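Each chain gets a letter, A, B and so on, in the order its sequence line appears, and its residues count up from 1. Note that the coordinates shown come from a computational prediction; the quantities given were computed from them, not determined experimentally.
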Amino acid sequence: MNIDEFRKEVLQVKNKLFRIAKRLLNDYEEAEDAVQDIFLKLWENRSNLNKYQNIEAFAVTVTKNYCIDLLRKKKMKLVEMNEEYIEPVMENPEKIFESQESFNIIRYLIDNLPENQRLVIQLRDIEGFSTSEIADIMNISVGNVRVLLSRARNSIRNILTKKYRFYHERN
Amino acid sequence: MKEIKDLIEKYYEGGTSLEEEKKLSDFFRKGDIPEELQLYKTQFNFYESEKRYEPLSSDFDDKILDKITQKKIIIKEPQKPRFILKIVSIAASLIILISAYFIFYPENIKDDYSLTTQEQYELEQTLIALNKVSHYIEKADHELKKISIFKSSLQELDKLTYYEKYKKYFINILGDES
């Protein structure tokens with residue numbers, strides 16, 4: 001693989017990798033550095049890249065592993081969905097369905113999900129990977145992908161519904 | 001509408017296919033959504049907007065390509081890192097020598113080592129053993145000196161050959177009168 005092919009076939013997934021890295025790391029700068037490192041790693045292993053039928057899925061797997069390693073190293077304490085969970089404060093509750101306000105809430109909800117639920121939402125609902133691709137990337141069974149997806153989607157819905165009802169009961 | 005509601009349920013069970021999810025997303029992108037489904041509209045629209053989030057531009061590509069080509073140059077010219085390595089190793093050995101000087105220089109050695117009785121005993125035993133060794137060496141040295149006496153005696157003996165030589169010489173000159 002030469003530089004031109006690398007640019008066309010591998011570098012073009014940069015924003016996808018960046019979104020996934022940012023979802024996992026919750027930090028713009030760190031995500032950008034991570035994606036840079038990942039591309040340099042991919043370039044060093046360019047002789048093996050043609051072996052993979054789906055270079056994109058392979059690059060995503062590398063990204064996932066890289067970010068999860070980074071999180072382990074930092075021993076980052078992730079806020080999980082439990083009783084201590086702090087719900088986002090809405091500055092303008094009447095604007096709940098206006099995109100920016102509600103988008104911020106959903107973003108906050110996703111970013112506070114457990115790592116694997118966050119990843120599964122990112123890979124499926126945002127990046128649109130197939131269930132079997134996600135199973136490969138996350139190294140779990142297809143059945144587990146469905147279970148994880150269902151759990152993550154419901155977590156988001158439950159909190160959003162609460163917010164929604166709260167707003168309607170007040171009015 | 002029933003189809004959409006069924007799909008929503010299936011979606012929350014994690015059972016929808018990618019096409020079904022696209023159908024939901026398309027549905028929520030359109031205008032008039034019933035009040036009870038507003039919540040889902042927000043969610044699906046959020047995912048759509050996240051898909052379009054592309055903060056990395058071609059500047060990023062250039063940065064990566066720069067780094068890749070820089071790496072190539074380094075492979076072609078390995079002298080630089082070796083040169084640095086040399087300087088570092090020289091500096092390291094200097095540090096070791098200087099610290100050795102400070103550690104082992106007699107003035108710096110404090111003689112306040114107090115010995116335990118066990119250590120003293122061992123020290124004495126060692127001294128006795130060393131004395132014995134030096135005694136034997138002296139003795140052996142004495143014996144070795146005899147070799148030099150032997151050597152000088154050999155030299156003396158060598159003179160006998162001269163005696164024989166001169167004897168013949170004198171005999172020749174004086175004739176065989178003796």
ask   = Where on Ile110(A) is there a heavy atom nearer than 4.5 Å to chain B: the side chain, the backbone, both, or neither?
value = side chain
key: From Leu39(B) atom CG to Ile106(A) atom CD1, the distance as rounded to the nearest 0.5 Å   = 7.5 Å
key: Rounded distance [0.5 Å steps], CZ in Arg153(A) versus OH in Tyr11(B)   = 4.0 Å
Aromatic plane relationship, Tyr53(B) with Phe18(A) - under 30° parallel, 30 to 60° tilted, over 60° perpendicular = tilted
ask   = Linking I/L/V/M/F/W/Y whenever any side-chain heavy atoms sit under 4.5 Å apart, do Ile33(B) and Met1(B) land together?
value = yes
task = Answer with side chain, backbone, both or neither: which region of Val147(A) has an atom nearer than 4.5 Å to a non-hydrogen atom of chain B?
result = neither
task = Write out, in numerical order, the residues from residues 5-13 of chain A with a heavy atom short of 4.5 Å from a heavy atom in chain B.
result = Phe6(A), Arg7(A), Leu11(A)
Portion of Arg107(A) that has a non-hydrogen atom of chain B nearer than 4.5 angstrom = both
inquiry  = Between Glu9(B) and Arg157(A) (salt bridge meaning N to carboxylate O under 4.0 Å), is one present in this structure?
reply    = yes
ask   = Should the heavy atoms of other residues, nucleotides or ligands under 6.0 Å from CD of Gln53(A) be counted, would the total exceed 12?
value = no
ask   = Given a strict heavy-atom distance threshold of 4.5 Å, which part of Phe60(B) is in contact with chain A: side chain, backbone, both, or neither?
value = side chain
query = Between Leu18(B) and Phe129(A), is any pair of side-chain heavy atoms under 4.5 Å apart?
reply = no
ask   = Can Leu160(B) be reached from Phe150(B) by stepping across I, L, V, M, F, W or Y side chains whose heavy atoms are under 4.5 Å apart?
value = yes
query = Among Lys16(A), Lys22(A), Arg23(A), whose salt bridge (charged side-chain N to carboxylate O under 4.0 Å, His left out) with Glu50(B) holds?
reply = Arg23(A)
key: Thr69(B) side chain near Ile3(A) side chain, heavy-atom distance below 4.5 Å   = yes
query = If you look at every heavy atom in Ser150(A) and Tyr12(B), which pair is closest and at what distance?
reply = OG-O, 2.8 Å
ask   = Should Tyr52(A) and Ile134(A) be regarded as members of a common hydrophobic cluster, given that ILVMFWY residues are connected when their side-chain heavy atoms come within less than 4.5 Å of each other, either directly or indirectly?
value = yes
inquiry  = For the CG atom of Asn15(A) and the CZ atom of Arg52(B), what is their distance to the nearest 0.5 Å?
reply    = 13.5 Å
task = Step through the shown structure and confirm whether more than 12 heavy atoms of other residues, nucleotides or ligands are within 6.0 Å of NZ on Lys23(B).
result = no
remark   = So, the part of Lys63(B) with a heavy atom under 4.5 Å from chain A: the answer is side chain
ask   = So does Glu19(B) have more than 12 non-hydrogen atoms from other groups sitting under 6.0 Å from CD?
value = no
Student check: side-chain heavy atoms of Gln36(A) and Lys67(B) closer than 4.5 Å = yes
request  = Identify whether Val142(A) and Leu119(A) are in the same connected component of the hydrophobic contact network (ILVMFWY, side-chain heavy atoms under 4.5 Å).
outcome  = no
message = Could you measure the distance from the CD1 atom of Ile126(A) to the CZ atom of Phe46(B)? Nearest 0.5 Å is fine.
response = 5.5 Å
query = At their closest point, which heavy atom of Arg124(A) faces which heavy atom of Thr16(B), and how far apart are they?
reply = NH2-O, 2.9 Å
request  = Examine Tyr136(B) and Leu144(B) and state if one hydrophobic cluster contains both, with Ile, Leu, Val, Met, Phe, Trp and Tyr joined whenever side-chain heavy atoms are less than 4.5 Å apart.
outcome  = no
request  = Can you measure from CG (Asp125(A)) to OH (Tyr47(B)) and round to the nearest 0.5 angstrom?
outcome  = 4.5 Å
query = How about Phe103(A) and Ser49(B): do any of their side-chain heavy atoms sit closer than 4.5 Å?
reply = yes
inquiry  = Which atoms of Glu21(B) are under 4.5 Å from chain A, going by heavy atoms: the side chain, the backbone, both sets, or neither?
reply    = side chain
